[in-house]
Amino acid sequence: MSAISESPRSDLPIEGRPIADVIASVQGGSTRALGELLQLYRNYLSVLATTQLDKRLRRRMSTSDLVQETMLAAHRDFGQFRGHSEGELLAWLRKILVNCLSHAVEKNIHAQKRDMRREVAMERVAKKMDDSMARLSNIIADDAPSPSQIVSRRELAAELSDQLAKLKPNYRDVIVYRNLQGLSFDEIADRMEIKSGAARMLWLRAIAKFKDVYDLESPEVSE
């Protein structure tokens, strides 16, 4: 049997290919596919990072900085990944994000060293975000593909993160805070350093805009 990296499928663009096949190609030695694979989850990591950077850290580093560090570490250490599914890959990427976040805390605000409770908290945040993403998709589009359909192509949270990335940062952030984290408008106002009424109006505009840009295409099903 030929190695996966030598299969003709490893030379195909990753779009339209099952994620498990892409992971297998990378593990078989297809370095070209690695960068493309990780890029699929940049927006997902950005949404997660947005939920985790508090006001102190935001003054010292941006969400994009944290995501970039995570992507670089994932590219460097992909040989250590032993999973085969998209779910396992997302969990692995979340752990790398946790490590990068912990290092940022130690470096920038001289807090206590890495605490395993932070990793557990991140997993809870990710699971809650998955559920919230499903609810958000129902708010935005009544005829959106079902979660089971989307999982066959990419997990719902990763897909919706790509949709959120189409928005300007303050629109994306206010939806993350309100719909994914369940913060009150007072809490959102404090985090975004605006007034509570302004936070409410910003959220209303963001939701309206999200409905305009929302474009989940139904996956092609190949039997």
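Values reported hereafter were calculated over all heavy atoms of this structure, with side chains retained and with hydrogens, waters and symmetry mates removed.
Under the side-chain hydrogen bond (donor to acceptor under 3.5 Å, both in side chains) criterion, Asn43 pairs with Asp162, sequence neighbours left out. Checked against side-chain hydrogen bond (donor to acceptor under 3.5 Å, both in side chains), Tyr177 has the following partners two or more places apart in sequence or in another chain: Arg58. Asp77 is linked by a side-chain hydrogen bond (donor to acceptor under 3.5 Å, both in side chains) to nothing, counting only residues two or more places apart in sequence or in another chain. Residues meeting the side chain to side chain contact (heavy atoms under 4.5 Å, CB included) test with Gln27, sequence neighbours left out: Ile23, Phe78, Phe81, His84. With sequence neighbours excluded, the residues that form a side-chain hydrogen bond (donor to acceptor under 3.5 Å, both in side chains) with Arg42 are Gln39, Gln68.
Remark: Asp212 CG to Lys166 NZ distance equals 11.5 Å, nearest 0.5 Å. Atom NE2 in His75 sits 10.0 Å away from atom CG in Leu37 (nearest 0.5 Å). In this structure, CG in Leu164 is found 9.5 Å from OG in Ser46, a value given to the nearest 0.5 Å.
Side-chain contact check for Arg94 versus Leu48: some heavy-atom pair is nearer than 4.5 Å. By the 4.5 Å heavy-atom criterion applied to side chains, Tyr41 and Glu86 are counted as neighbours. Asp173 has its side chain out of reach of Leu167: every pair of non-hydrogen atoms, C-beta onward, lies at least 4.5 Å apart. Using a 4.5 Å heavy-atom cutoff, the side chains of Tyr44 and Leu93 are not in contact.
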Verify side chain to side chain contact (heavy atoms under 4.5 Å, CB included) between Val174 and Met192, making sure each step is shown before the conclusion. CA-CA 8 Å; Val174 75; Met192 301 187 74; 4.1 Å; yes
For Leu66 and Thr63, what are the C-alpha separation, side-chain angles and deciding distance, and is it a side chain to side chain contact (heavy atoms under 4.5 Å, CB included)? CA-CA 5 Å; Leu66 179 57; Thr63 297; 5.8 Å; no
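Counting all heavy atoms, side chain and backbone alike, Met71 lies closest to Leu38 at CE-O, 3.3 Å. Here the shortest heavy-atom pairing between Arg191 and Thr50 reads NH1-O, 4.4 Å.
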Scan the side chains in residues 196-210 for donor-acceptor partners under 3.5 Å anywhere in the protein, sequence neighbours excluded, and list what turns up.
unit_1: Ser196; atom_1: OG; unit_2: Asp186; atom_2: OD1; d: 2.8
unit_1: Trp203; atom_1: NE1; unit_2: Asn179; atom_2: OD1; d: 2.8

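The backbone N or O of Ala33 sits nowhere less than 3.5 Å from a side-chain atom of Glu36 that would complete a donor-acceptor pair.
Residue Leu40 is not grouped with residue Leu72 when hydrophobic side chains (ILVMFWY) are merged at heavy-atom distances under 4.5 angstrom, including chains of intermediate members.
Between Cys100 and the choices Thr70, Asp65, Val67, the side chain to side chain contact (heavy atoms under 4.5 Å, CB included) rule is met once, by Thr70.
The closest side-chain donor-acceptor pair between Arg178 and Ser184, if any, does not fall under 3.5 angstrom.
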